[in-house]
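Here the structure comes first, spelled out in structure tokens, and everything after it is commentary.
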Amino acid sequence: EAEGMYIVSTGEVQYTANKALTNLAEQECYHRLSRGGWLSEAALWTSWVHVGYAEATTACELALLKSSKILQLFRNNSVMAHIAVEYGTRFHQRVVTLGPPLGPFPTDYSVPFTHYGEIVTSMPRNIRIVIGLTALDAVSRRTQLLGGNFSALKEQVKNARCTLVQNAAGEAEDIVILTALRLENENGQILMRLGRWNEKDSVAEPDAGLLCRRQPAGELAYTTINRLISEVLSPWTAAVVLGPGHTSFDMMQSTWFDIPTKYIKTIYTACTVITDDL
């Protein structure tokens, strides 16, 4: 059983996942880590057993953050302790539910759907507000400026209308979680959305792309994609065979608030299987 999370302080390490335990393709089993990289984060929040091994490729040093000590870091701060417990609960939920078709099996190197922004957006409203206001406070004390829109963004955060976090550079990021469907038939044709209905102006507007939904707070991507299929593709739901999902990250600068917005999109592949009953 893993003791905790290993963080590379200096040098380089290569991690190799056990193909038999993780069901990964050969090319997905190998990962090189340098300073700042880490392994076995899952050990902080679960009873984790290693599913691979790491080897030093250069002279290196690793720091060990023991899972038995994690809550001691926050023993003098009840708010941080509460946030850590909520964070760990959601991380644990993903570890124990992962695996096809929801996503790849977790490894020491990666646990899908556990990006910091993904976890925070799934946390309770009051905690999202605390994290967002903390990030906003950091913005006001750094060089990142919002001009006259600072108050408007603060109201958005206080009303939980956006999820704001601090990135590794200490800057504020708005997080948007999306789930999309790439549905292909037996002829290789892909189902695409051609436009959207503008209810305000009662007019159709061109907007081509995959079928996509914003993922509600607290909902897993697999739940969102199944809801999308049942709502949009009924009565052909039974013909859709859902495959694995993969996550992509896109950054755009908000023109209104002048802060980066990170779009975390999980795209599920699927195919149609037509039977005599359909």
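Residue indices begin at 1 and follow the sequence shown. Everything quoted here is computed from the prediction, not taken from an experiment.
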Common cluster, V79/Y116, ILVMFWY with side-chain heavy-atom separation under 4.5 Å: yes

Distance-minimising heavy-atom pair for G4 and A43: O-CB, 3.6 Å

Side-chain heavy atoms of L73 within contact of L65, under 4.5 Å: yes

Within-4.5 Å side-chain heavy-atom neighbours: L136 and L164: yes

L44 reachable from Y6 in the ILVMFWY side-chain graph, under 4.5 Å edges: yes

Under 3.5 Å: donor-acceptor pair, side chain of T114, backbone of F91: no

Distance in Å, T269 OG1 paired with E184 CD, rounded so as to fall on 0.5 Å steps: 9.0 Å

Intermediate values then yes/no, side-chain contact (heavy atoms from CB on, under 4.5 Å), F113 and L220: CA-CA 8 Å; F113 312 128; L220 293 175; 5.9 Å; no

Donor-acceptor under 3.5 Å (N187 side chain, Q189 main chain): no

Donor-acceptor under 3.5 Å (Q215 side chain, E219 main chain): yes

From L64 atom CG to E3 atom CD, the distance as rounded to the nearest 0.5 Å: 5.5 Å

Min side-chain heavy-atom separation Y15-C29 under 4.5 Å: no

Salt bridge (charged side-chain N to carboxylate O under 4.0 Å, His left out) against E12, all qualifying residues, sequence neighbours excluded: R32

Within one Ile-Leu-Val-Met-Phe-Trp-Tyr cluster: V120 and L178, side-chain cutoff 4.5 Å: no

Student check: side-chain heavy atoms of E55 and T57 closer than 4.5 Å: no

More than 12 heavy atoms of other groups within 6.0 Å of M252 CE: no

Value rounded to 0.5 Å, distance of CG in L191 from CH2 in W236: 10.0 Å

Q72 side chain to K69 backbone, donor-acceptor under 3.5 Å: no

CG on L183 to SG on C271, rounded to 0.5 Å: 8.0 Å

Atom of C60, atom of G11 and distance for their closest heavy-atom approach: CB-CA, 3.8 Å

V8 vs S34 side-chain heavy atoms within contact, under 4.5 Å: no

Atom pair OH (Y222) and CZ (R94), whose distance is rounded to the nearest 0.5 Å: 16.0 Å

I259 side chain reached by E171 side chain, heavy atoms, under 4.5 Å: no

Closest non-hydrogen atom pair, P216 against T224: CD-OG1, 3.8 Å

Exercise: identify the closest heavy-atom pair between I225 and A180: CD1-O, 3.5 Å

Counterpart residues, salt bridge (charged side-chain N to carboxylate O under 4.0 Å, His left out), relative to K262 (two or more places apart): E173

Candidate pair E186 and T272, rule side-chain contact (heavy atoms from CB on, under 4.5 Å), full reasoning: CA-CA 7 Å; E186 65 276 11; T272 54; 3.8 Å; yes

Verdict with supporting geometry, R128 and V157, side-chain contact (heavy atoms from CB on, under 4.5 Å): CA-CA 8 Å; R128 298 201 313 273; V157 173; over 6 Å; no

Other residues, nucleotides, ligands: >12 heavy atoms within 6.0 Å of Q14 CD: yes

L228 with V176, same ILVMFWY side-chain cluster at under 4.5 Å: no

Side chain to side chain, W48 and P106, heavy atoms closer than 4.5 Å: yes

M80 with V165, same ILVMFWY side-chain cluster at under 4.5 Å: yes

Side-chain donor or acceptor of N167 paired with backbone N/O of A169 under 3.5 Å: yes

Non-neighbouring partners of E1 that pass salt bridge (charged side-chain N to carboxylate O under 4.0 Å, His left out), sequence neighbours left out: none

Parallel, tilted or perpendicular: ring planes of H31 versus Y109, cut at 30 and 60 degrees: parallel

Over all atoms of both residues, closest heavy-atom pair of G52 and D108: N-OD2, 3.3 Å

R35, CZ atom: more than 12 neighbouring heavy atoms under 6.0 Å: no

Return all side-chain donor-acceptor pairs below 3.5 angstrom for residues 81-88, not counting sequence neighbours, or 'none' if the list is empty.
residue	atom	partner	partner atom	Å
E86	OE1	R90	NH1	2.6

For residues 203-214, dump all side-chain donor-acceptor pairs below 3.5 Å to protein atoms at least two apart in sequence or in another chain.
residue	atom	partner	partner atom	Å
E205	OE2	N198	ND2	2.7
D207	OD2	R193	NH2	3.4
D207	OD2	R196	NE	2.4
R213	NH1	E231	OE1	2.7

L153 to C162 - nearest heavy-atom pair and separation: CD1-SG, 4.1 Å

Spacing of L39 atom CG and S110 atom OG [to the nearest 0.5 Å]: 11.0 Å

Worked verdict on W45 versus V95 for side-chain contact (heavy atoms from CB on, under 4.5 Å): CA-CA 9 Å; W45 316 110; V95 171; over 6 Å; no

Within-4.5 Å side-chain heavy-atom neighbours: L181 and L233: yes

Got a list of side-chain donor-acceptor pairs under 3.5 Å for residues 241-248, not counting sequence neighbours?
residue	atom	partner	partner atom	Å
T247	OG1	T266	OG1	3.4

Matching residue for Y30 among E26, E28, Q27 - test: side chain to side chain donor-acceptor pair (under 3.5 Å): E26

